[in-house]
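The next block holds one structure in the form of structure tokens; read it before the comments.
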Number of protein chains: 2
Amino acid sequence: MSRSNRERTEATRQALITAGRRLFVDRGYAETPTPDIVTAAGVTRGALYHHFEDKKALFRAVVEQEAAAVALAIEAGSADVTTPRQALLAGASAYFDAMAVEGRTRLLLLEAPAVLGPFDMAALDGDHAEASLRSGLLDVVKGSRSEALLGPLTALLSSAFDRAALAIAGGGDRAGYEAAIALLLDGLTDELRR
Amino acid sequence: MSRSNRERTEATRQALITAGRRLFVDRGYAETPTPDIVTAAGVTRGALYHHFEDKKALFRAVVEQEAAAVALAIEAGSADVTTPRQALLAGASAYFDAMAVEGRTRLLLLEAPAVLGPFDMAALDGDHAEASLRSGLLDVVKGSRSEALLGPLTALLSSAFDRAALAIAGGGDRAGYEAAIALLLDGLTDELRR
DNA sequence: AATAAAACATACAGATTGTACGCAAATATG
DNA sequence: CATATTTGCGTACAATCTGTATGTTTTATT
């Protein structure tokens, strides 16, 4: 049985990422020693440090994969929408669905910002969701006074979405959070039309 | 020169907390070895482990002190206010002022949630600010339909405040964030009066 | 003054990270 | 196709860090 080098690399890389994800979610980044990761992946630390520069690089790969999955789910979830309002609410709902995957909020919203820093975090497409929100909000603020507030408004609401995702993942009342978000968006919309 | 035991304890505890704060802010919790902390504090690791159960306990003490300072500043900042709207906006402004102290956003909003967990974090008066916000929002939603959304709305806006504080600390445009928050609050107020 | 207890320093054991080195399988080269 | 070379990965090692155990000095107790 002989595998091509590319296959081998891809297989062990993914095994490490999968095992790492499992342990990072269960115990957190700091409390997860690399020996445990490689054991779970069925390799040795030699393989880990061959494919990744250090432990943090493996974590980054896990987070990147997770962020990509979220971006994909949102892309798919935002099918045909009618009004800007519907688009925003549907986007929020898709985001909550995507973030409902177990461990995802811990990885993306708690561990990653601290481990990678909010700087690396922004570069890492963590704001793909934010960009989507931004374009949705643009339809709302466009033409109004305070169109200049698009940036701050996007950041604020994005943060609110994250908080809602965290709360929902923690057993919070999803309907309540969705209603609250609708309220904020509707209020914002009205307020800009005076 | 002989100091009372209470004085000694208080002095070295505070020296450790101060040195720890400085290093945690500069390098982050994980990248700060205890030998560096005790050297900066002018003691040895023996003193550290005599006064704190472990490194995390020292970090917790730093965060507690920081959170208390924020709570105090907000308390003082919310002097005589007239309307609920003014109360909320003044509270936000006081919060931003308090969080503008260097390193505070990193400690309270980035490191602490990851190191202590959002669980310990909530218990740790991190939501003193949130409680204040909640009571301010109560005046807004009171009597309206969707009074039941007070909880989610508080969480969402609290998160938005945190994000604004982070952005401002990172050199963001404070006036823009304050305006955006005013917009959200005003919109919410109007929306509930229909 | 003598004893107890608290504050702290020193010494040590275990664990963890990253690196150096070695070997075997796969790919490149003539 | 044979040999050289690179790639994947396992093993061994050195440096560091954390927490504990043990000693020493200073303050409190009686």
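Please read all numbers here as calculations on a predicted model, not as lab measurements. Heavy atoms only: backbone and side chains are in, while hydrogens, waters and symmetry mates are out. Per chain, numbering begins at 1; letters A, B, ... match sequence-line order.
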Of the options dT27(C), dC9(D), dA6(C), whose atoms approach the side-chain atoms of Thr12(A) most closely?
dC9(D)
Do Arg163(B) and Glu130(A) sit within salt-bridge range, that is, some charged N less than 4.0 Å from a carboxylate O?
yes
Under 3.5 Å, is there an N or O donor on one side and an acceptor on the other linking the side chain of Arg45(A) and the base of dG18(C)?
yes
Euclidean distance, atom CG of residue Leu48(A) to atom P of dG10(D) [Å, nearest integer]:
11 Å
For the side chain of Pro33(B), starting at C-beta, report the closest nucleotide among dG10(D), dT27(C), dT18(D).
dT18(D)
Between P on dC9(D) and CG on Leu16(A), what's the gap in Å once rounded to a whole number?
9 Å
Arg27(B) CZ to dT16(D) P, straight-line distance once rounded to whole Å:
14 Å
Considering only side-chain heavy atoms of His51(A), which listed nucleotide, dG8(D), dG10(D), dC8(C), is closest?
dG8(D)
Round to the nearest Å and state the distance from His50(B) atom NE2 to dT26(D) atom P.
16 Å
Can you tell which of dG10(D), dA9(C), dG8(D) lies closest to the side chain of Ala47(B)?
dA9(C)
Could you work out which one of dA7(C), dT7(D), dT18(D) sits closest to the side chain of Lys55(B)?
dT18(D)
Looking only at side-chain atoms of Tyr49(A), point me to the closest of dG18(C), dC8(C), dA7(C).
dG18(C)
Mind calculating the distance between CZ (Arg3(A)) and P (dA26(C)) to the nearest angstrom?
9 Å
Where the side chain of Asp54(A) is defined as all heavy atoms beyond and including C-beta, which of dG18(C), dG19(D), dA6(C) is the nearest nucleotide?
dG18(C)
Is the distance from OP1 or OP2 of dT17(C) to the nearest side-chain N or O of Thr34(A) less than 4.0 Å?
yes
Regarding Thr44(B), tell me which of base, sugar-phosphate or nothing describes its non-hydrogen contacts under 4.0 Å with the strands shown.
base
Ion pair present between Glu66(B) and Arg106(B), side-chain N to carboxylate O less than 4.0 angstrom?
no
When the distance from CD of Glu53(B) to C1' of dT20(D) is rounded to whole Å, what number comes out?
13 Å
Taking NZ, NE, NH1 and NH2 as the nitrogens, is one of them in Arg85(B) or Asp139(B) under 4.0 Å from a carboxylate oxygen of the other?
no
Run the salt-bridge test on Asp120(B) and Arg60(B) with the 4.0 Å N-O cut-off and return the result as yes or no.
yes
Would you kindly give the CD-to-C1' distance between Glu31(A) and dA15(C), to the nearest whole Å?
14 Å
Check the distance between dT24(D)'s P and Arg8(B)'s CZ and give it to me in whole angstrom.
17 Å
May I ask you to decide whether Arg174(A) forms a salt bridge with Asp97(A), counting only side-chain N to carboxylate O separations under 4.0 Å?
yes
